[in-house]
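Okay, structure first, notes after.
Values in this document were obtained by computation on a predicted structure and should not be read as measured data. We use all heavy atoms of the structure for the numbers below, so side chains are in, but hydrogens, waters and symmetry mates are not. All ligand and atom numbering here is 1-based and tracks the order in the structure.
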Amino acid sequence: MNIKELKDKAFKELANVKNSADLENFKNKYLSRNGEISSILRSLKDLPINERKKIGPEVNQLRVEIQGAFENKRKNIQTTNYKLQTTQLDITAPGIKIPHGHLHPITLTLRKIEEIFQSMGFKIIEGFDIETEYYSFDALNIPQNHPARDAWNTFWLKTKPEKLVLRPHTSPMQIRFMEKNNPPFRIIVPGRCFRYEATDASHSHTFYQLEGLMVDRHISIANFKAVIEQFLKKLFGEDVKMRMRPSYYPFVEPGFDIEMKYPASPPASPNRGESLGGSSGKWLEIMGAGMVHPNVFKYSGYVPDEWQGFAFGIGIDRIAMLKYKINDIRLLYSNDLKFLNQF
Ligand code: DAH
């Protein structure tokens with residue numbers, strides 16, 4: 001066989017070497033003592049001297065080339081083996097933890113409150129973040145230029161001719177619902193509200209309210225008290241105390257504020273301090289309420305003498321802060337994961 005053919009054959013075979021066993025075979029076949037190159041070198045002695053002088057160096061050159069290529073291949077296979085060994089799948093290794101999302105404390109509170117009212121037969125209705133002046137005030141018995149409007153620091157939108165607002169409370173849905181539905185009914189209206197107010201630990205320009213409205217032929221304050229007492233017990237436990245104090249809201253008569261006392265002492269921890277949640281033994285105002293004003297029925301298209309009802313507006317943020325012992329409303333809107341991950 002001539003040297004060129006041997007070289008081609010050897011390099012072709014080396015290209016097909018895939019693992020240590022192939023490597024060993026290749027070495028035996030070409031580079032060992034009994035390998036093809038050695039046997040050619042051995043056969044040189046039978047050749048005439050001038051041919052020996054010509055072929056001898058060529059064969060030696062070939063041996064160096066094959067040896068070099070072989071060493072490279074061996075290194076490659078060694079690294080591949082090493083990589084395989086070190087990247088092997090370890091089925092005992094702990095998995096990669098995918099962080100789970102969770103609900104915001106306001107959402108958790110809202111869902112719980114909705115569940116309680118639903119269990120008492122209330123339907124959930126939703127309103128609009130942007131409302132008209134009429135539904136926000138006039139139809140709720142708060143006439144234009146009446147000082148009562150000052151109680152709602154309202155964001156007015158630059159719209160014409162109709163004046164629109166970011167709703168300052170959820171009460172407008174009382175009217176919208178009654179315009180389209182006949183009693184008897186029980187509804188709650190959860191929603192986001194907005195007030196033109198400076199922000200501090202207990203005030204936020206954006207907050208959540210939950211409106212309630214129950215209308216039938218004979219609804220009394222006793223019915224209202226029973227519903228709210230039941231609601232508070234289900235939310236805060238049997239020990240919770242409530243009281244009603246006279247108050248003024250133009251859309252109810254009489255009107256009251258509801259206060260509760262939360263008996264259990266909260267655990268001490270950062271952001272969960274004494275100013276709100278920790279004040280066991282202190283009365284805290286949590287909602288405004290009252291018996292629906294006859295004018296509100298009139299605006300809604302009902303005959304006031306035929307119907308009676310109670311309405312209430314709960315501050316959801318307040319409830320969430322009480323429930324989770326949060327002492328600053330701004331925490332609820334700051335999107336700080338260190339805070340939110342606690343829920
Ligand atoms: N809308 C009132 C507010 O934002 C809360 C309120 C008070 C709602 C009395 C009512 C109610 O339905 O009867 O301050």
Check your understanding: Which one holds for Ala311 and ligand 1: side chain close, backbone close, both close, or neither close, with close meaning a heavy atom under 4.0 Å?
Key -> both
Exercise for review: For Trp152, counting its heavy atoms only, list the atoms of ligand 1 lying under 4.0 Å from any of them.
Suggested key: 3 (C), 4 (O), 14 (O)
Check your understanding: Honestly, is Arg167 close enough over Phe128, meaning NZ or CZ under 6.0 Å from the six-membered ring centre and within 45° of the axis?
Key -> no
Point to revise | Closest to atom 11 (C) of ligand 1 (judged by heavy-atom distance), picking from Phe310, Tyr249, Phe251 | key: Phe251
Check your understanding: Would you call the rings of Phe339 and Phe343 parallel, tilted or perpendicular if under 30° counts as parallel and over 60° as perpendicular?
Key -> perpendicular
Exercise for review: Group every Ile, Leu, Val, Met, Phe, Trp and Tyr by side-chain heavy-atom contacts under 4.5 Å, then state whether Tyr333 and Leu166 land in the same group.
Suggested key: no
Review point. If hydrogens are left out, which of Met173, Arg195, Glu253, His169 has an atom nearest to atom 14 (O) of ligand 1, that is, the closest non-hydrogen atom?
Key: Arg195
Check your understanding: Does a donor on one side chain and an acceptor on the other come within less than 3.5 Å for Tyr249 and Asp257?
Key -> yes
Point to revise | Aromatic plane relationship, Phe224 with Phe256 - under 30° parallel, 30 to 60° tilted, over 60° perpendicular | key: tilted
Exercise for review: Would you mind running through ligand 1 and noting each atom that sits below 4.0 Å from a heavy atom of Val252?
Suggested key: 13 (O)
Practice item. Just jot down the ligand 1 atoms closer than 4.0 angstrom to any heavy atom of Ser171, in number order. Key: 1 (N), 8 (C)
Review point. Considering only the protein, which heavy-atom contact is closest to atom 12 (O) of ligand 1, and what is its distance?
Key: Glu211 OE2, 2.7 Å
Exercise for review: Output yes when Glu36 and Lys9 qualify as a salt bridge under the 4.0 Å nitrogen-oxygen rule, no when they do not.
Suggested key: yes
Check your understanding: Among Trp156, Phe155, Trp152, which residue meets the ring pair (Phe, Tyr, Trp, His ring centres under 6.0 Å) test with Tyr196?
Key -> Phe155
Practice item. Identify which of Gly255, Gly313, Gly315 has a heavy atom lying nearest to atom 8 (C) of ligand 1. Key: Gly313
Check your understanding: Could a heavy atom of Met287 be found less than 4.0 Å from some atom of ligand 1?
Key -> no
Review point. Which ligand 1 atoms are under 4.0 Å away from a heavy-atom of Gln174?
Key: 12 (O)
**Study point:** Basic-acidic side-chain contact under 4.0 Å: Lys112, Glu115
**Key:** yes
Review point. At a 4.0 Å threshold, what atoms of ligand 1 neighbour a non-hydrogen atom of Gln209?
Key: 3 (C), 4 (O)
Check your understanding: Any idea which atoms of ligand 1 are less than 4.0 Å away from a heavy-atom of Gly290?
Key -> 13 (O)
